[in-house]
Every structure is written in C-alpha cells, then in structure tokens.
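Okay, so here's the structure we're looking at.
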Amino acid sequence: MAANTDAPLIITAAVVGAETMRERTPHVPYTPEEIAEEAKRCYDAGAAMVHVHGRRDDGTPTQDRDTFAEILRQIRRRCDILVQFSTGGAVGMDVEERIEALELRPDMATLTTGTVNFGDEVFLNSLPMIRAIARRLDHYDIRPEIEVFDTGMIDTALRLCDEGLLEVPLHFDFVLGVPGGMGASQRNLEFLVESIPDDSTWSVAGMGRHELPLGYRAIKAGGHVRVGLEDNIYLDKGVLAKGSFELVERIAQRAEEVGRPLATAEEARQILRLGPPADPFTA
Ligand code: KMH
Ligand code: ZN
C-alpha cells in the first residue's frame, strides 16, 4: 500500500447508525439533541466528519427529512464538523425515503454501489437504485462517499463514472466485516486499496472488534478512518465505549503516536474535494 503518513488524517464518527439499539448499549444517541451532543464530543476528540442516520424517539430508524433537518441544525449550533448523511438508511427502506433529506445539502452523503447480504437481511442497491441516488446527489451538488462492502462495488462505482453519473476522483469507504460482506482482514483492505484509481481517497470502517485494528492499519497506510457505535460498541474486549467519542480518542491517540496529524474540518473539506458549505443552517 502506498503510504502518505504526513497527510492529515480524517476521522469520521459514525455515531448512531440504523441498527445499534439501547438494548445493546445505553450510549447510542437517538434524538437530534443526543446525536448532536455526541457529534460535538467526537469533534472535540478529533473527528472532522460525522456520519448521520436518523432515529425516532423510540430508536427506530428513520430517514425523515425533518428529523435530519433538526439533527443538522443542532450539530451546526455546536461545532463546524462536516456532516455526512447516510443514503443507506436501514434495510428495507425504499430509495425515495432514503434520499429525501438530501435537499438539505449536507457536506457529503454516502452511496453504496451494490447489494450485499446484511446479517440475515439484504441491503438492496440495484443499479437503477444506485443511479437514482447518484442523480439526486448530483442534483444537489453533494459529493458522495462510495461505501464498499465488497470488491465489485468498486467496479460498479467506476462503471457509473463511465456513464457520467459519478466523477473521478472518488472517495471510497471500505466497510469490512459485515456478516454477508467482505471480511475484515488486512489482506482484503490492501487488495481494495490497490484496486481503486491512484487519485482516489479512502477510509476504512471495520465492524466490531476489527474497527480499531483496521483503523490503525489505515493510519499507517495513508488512508482515513471511520469509527463509532454504528460499527462497534466496544472500546476493549467486554468494555463498552461510553460513546463514539472514546473510539475517536483511541484513533487520535494512535495517530499522534505515529506522527500523523489530524485533519481539521476545513482540511478535510480540501482533502475530500468538497464544495463550500451549502446547507440552510450554516452560519
Ligand atoms: N444501515 C445499513 C443497512 C450507509 O449509511 O450509507 C446501511 C448503511 C450504509 O449504514
Ligand atoms: Zn451508515
């Protein structure tokens, strides 16, 4: 893996997700205030971006526009962390539901370029669905983060570039260790990094116990890192993280140990080639 360990490290905090429930950890935020408070703690710990899903007060996942508007407003009140909306939502949601909040023009949004088994369920992303999401992202001028759960999703993203629906250079996030998706080995990560065009940027999101080791690998390999309770609820074996911020702190600490500086939100905006902030709640 080509390594540029001088380049600032972007830490993305995946603070909520659609699957982690309070029954598993009491520390997962549900309400917009709770999500924004957690985003602020992660920002203070060194995160430059927060990956956002919506929840109702009882914790059930929602991609409701008004919920996302409130989350965005609450985050903007607290700090200038970059805000990335999920367009994956939860399994079973239809495309329109998944992307209705994009009209709020977050800094970035995800785009999963393929279908993957997701535990006992299926995270469905047919080509027409992917194209519809890509068109909506383009309509609002929102840069995608390509979520890669398996190798073919890179090929599909490049196919969409050929079709003119996506533009190189791309930013990829390798989501490794979902049951049904690509395994969370270092070998797989190396293969994926070698499989993307040279001018791409990338991050890794390891599931469960793989989160921190793969994050450490990415720090040394010149990539970026996503951590948080969406992907992993443990700080150490049997020790629940008290919030995503503790996982961000671990990554920040390791980056310091190996001399990799942390990206500020503004530096992350440059590295990820994002446009200026465009949402209605930007001061
Ligand atoms: N909740 C997963 C089914 C994304 O945020 O873009 C999909 C997901 C991907 O989390
Ligand atoms: Zn997500």
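Counting starts at 1 for both ligands and their atoms, following the listed order.
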Inter-residue atom distance Glu256.CD - Ile251.CD1, 0.5 Å rounding: 13.5 Å
Shortest protein contact, atom 4 (C) of ligand 1 (heavy atom only): Ser86 OG, 3.3 Å
Per atom 8 (C) of ligand 1, closest listed option by heavy atom (Glu121, His53, Glu145, Met93): His53
Environment of the Zn ion (ligand 2) in terms of protein N/O/S atoms, cut-off under 2.8 Å: His51 NE2, His53 NE2, Glu230 OE2
Shortest protein contact, atom 3 (C) of ligand 1 (heavy atom only): Glu19 OE2, 3.6 Å
Note, Ile154 side chain near Phe174 side chain (heavy atom, < 4.5 Å): yes
Pair Gln63-Glu100, side-chain donor/acceptor within less than 3.5 Å: no
N or O contact, Ala18 vs ligand 1, cut-off under 3.5 Å: no
Ligand 1 contact by Ala14, heavy-atom criterion under 4.0 angstrom: no
Close side-chain approach of Ile233 and Arg24, heavy atoms under 4.5 Å: yes
Arg55 charged N/C atom sitting above Tyr30 aromatic ring, 6.0 Å / 45°: no
Asn125 versus Thr115, side-chain donor and acceptor atoms under 3.5 Å: no
Atom 6 (O) of ligand 1: the protein heavy-atom neighbour that sits closest, reported with distance to 0.1 Å: Thr110 OG1, 2.6 Å
side-chain contact (heavy atoms from CB on, under 4.5 Å) partners for Glu103, two or more places apart: Arg65, Tyr140
Partners meeting side-chain contact (heavy atoms from CB on, under 4.5 Å) with Asp138 (sequence neighbours left out): none
Partners passing side chain to side chain donor-acceptor pair (under 3.5 Å) against Glu266 (at least two apart in sequence or in another chain): none
Nearest-contact summary for atom 10 (O) of ligand 1 - protein heavy atom, Å: Glu230 OE2, 3.1 Å
